[in-house]
Amino acid sequence: QVQLVESGGGLVQPGGSLRLSCAASGSIFSFNTMGWYRQAPGKQRELVAAITGGGNTNYADSVKGRFTISRDNAKNTVYLQMNSLKPEDTAVYYCNFALITGRGSPIDSYWGQGTQVTVSS
């Protein structure tokens, strides 16, 4: 059983910053890609940022230069530093881990419970 627990969401004014964290626990053999997605009301869930096991990163065009994804494998944690936040960044943010739970097992995808980020004055 694998659990992902997110933290760090909240209300922030435009131009402000927030840092999201997502920690994994449970039966984990190895990690693959970690990522952050978001879903605004009435919209589909979209990829915000992802980081591979080798540290390569990928960002949505809308957040490039403002958001930074990082990971700490020793802590089983992925972070999303969000700067210069805009009202259009308002959404529920979900972390996603692609990981292996045992030797020889396939890569499975796990989701966090979601954390609300609201950017408003």
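Positions are given from 1 along the sequence. Keep in mind that the numbers below use all heavy atoms, side chains included, and drop hydrogens, waters and symmetry copies.
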After noting the C-alpha distance and the side-chain angles of Ser109 and Asn96, does the key distance pass the side chain to side chain donor-acceptor pair (under 3.5 Å) rule? CA-CA 7 Å; Ser109 179; Asn96 175 267; 2.7 Å; yes

Could you tell me the separation between the [atom1] atom of [X] and the [atom2] atom of [Y], rounded to the nearest 0.5 Å?
X     : Y      : atom1 : atom2 : result
Gln81 : Ile69  : CD    : CD1   : 12.0 Å
Thr33 : Ile107 : OG1   : CD1   : 7.5 Å
Asn32 : Ile100 : CG    : CD1   : 6.5 Å

What pair of heavy atoms forms the shortest contact from [X] to [Y], and how long is it?
X      : Y     : value
Leu80  : Val48 : CD2-CG1, 4.2 Å
Gln116 : Val92 : OE1-CG2, 3.2 Å
Thr77  : Ala23 : OG1-CB, 3.6 Å
Gly102 : Phe29 : N-CB, 3.6 Å

Other cluster members, Tyr79 - Ile/Leu/Val/Met/Phe/Trp/Tyr, side-chain contacts below 4.5 Å: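 Cluster partners of Tyr79: none, it stands alone.
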
All pairs passing salt bridge (Lys or Arg N to Asp or Glu O under 4.0 Å) where [range] contributes a residue, at least two apart:
range            : answer
residues 71-81   : none
residues 42-53   : Arg38-Glu46
residues 101-119 : none

Would you say Glu88 has more than 12 foreign heavy atoms packed within less than 6.0 Å of its CD?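 Yes, CD of Glu88 has more than 12 neighbouring heavy atoms, counting only those of other groups under 6.0 Å.
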
Listed partners of Val119 passing side-chain contact (heavy atoms from CB on, under 4.5 Å), at least two apart: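 With neighbours one apart ignored, the set is Val12, Pro14, Leu85, Pro87, Asp89, Thr90, Val117.
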
Can you sort out the partners of Asn58 under side-chain contact (heavy atoms from CB on, under 4.5 Å), two or more places apart, ordered by chain and number?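 Only Leu47 meet the side-chain contact (heavy atoms from CB on, under 4.5 Å) criterion with Asn58.
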
With sequence neighbours excluded, give me every side-chain hydrogen bond (donor to acceptor under 3.5 Å, both in side chains) pair touching residues 10-28.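 side-chain hydrogen bond (donor to acceptor under 3.5 Å, both in side chains) check on residues 10-28 returns Ser17-Asn83.
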
Just wondering, do Trp36 and Cys22 contact through their side chains at under 4.5 Å, heavy atoms?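 SC-SC contact between Cys22 and Trp36 confirmed.
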
Joint cluster assignment, Val78 & Val63, ILVMFWY side-chain distance < 4.5 Å: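 Linked, Val78 and Val63 end up in one cluster.
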
Are Ile51 and Leu18 in one and the same hydrophobic cluster, where Ile, Leu, Val, Met, Phe, Trp and Tyr link if side-chain heavy atoms are under 4.5 Å apart?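 Yes; tracing contacts between hydrophobic side chains, which count when under 4.5 Å, links both residues.
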
Donor-acceptor pairs are to be reported for all side-chain atoms of residues 1-11 against protein atoms at under 3.5 Å, with residues two or more places apart or in another chain.
residue	atom	partner	partner atom	Å
Glu6	OE1	Thr115	N	3.3
Glu6	OE2	Cys95	N	2.9
Glu6	OE2	Gly114	N	3.1

Please list all pairs meeting ring pair (Phe, Tyr, Trp, His ring centres under 6.0 Å) that have one or both residues in residues 96-117, counting only residues at least two apart or in different chains.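 Checked against ring pair (Phe, Tyr, Trp, His ring centres under 6.0 Å) - neighbours excluded - the pairs reaching residues 96-117 are Phe31-Phe97, Tyr37-Trp111.
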
Using the ring pair (Phe, Tyr, Trp, His ring centres under 6.0 Å) rule, collect all pairs that involve residues 44-72, keeping only residues at least two apart or in two chains.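 Counting only pairs at least two positions apart or across chains, no ring pair (Phe, Tyr, Trp, His ring centres under 6.0 Å) contact touches residues 44-72.
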
Mind checking what makes side-chain hydrogen bond (donor to acceptor under 3.5 Å, both in side chains) contact with Asp61, not counting sequence neighbours?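 Applying side-chain hydrogen bond (donor to acceptor under 3.5 Å, both in side chains) to Asp61 gives Lys64.
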
I'd like to check the ring-ring contact (aromatic ring centres under 6.0 Å, His included) partners of Tyr93; sequence neighbours left out, ordered by chain and number.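 Once residues adjacent in sequence are excluded, Tyr93 has no partner under the ring-ring contact (aromatic ring centres under 6.0 Å, His included) criterion.
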
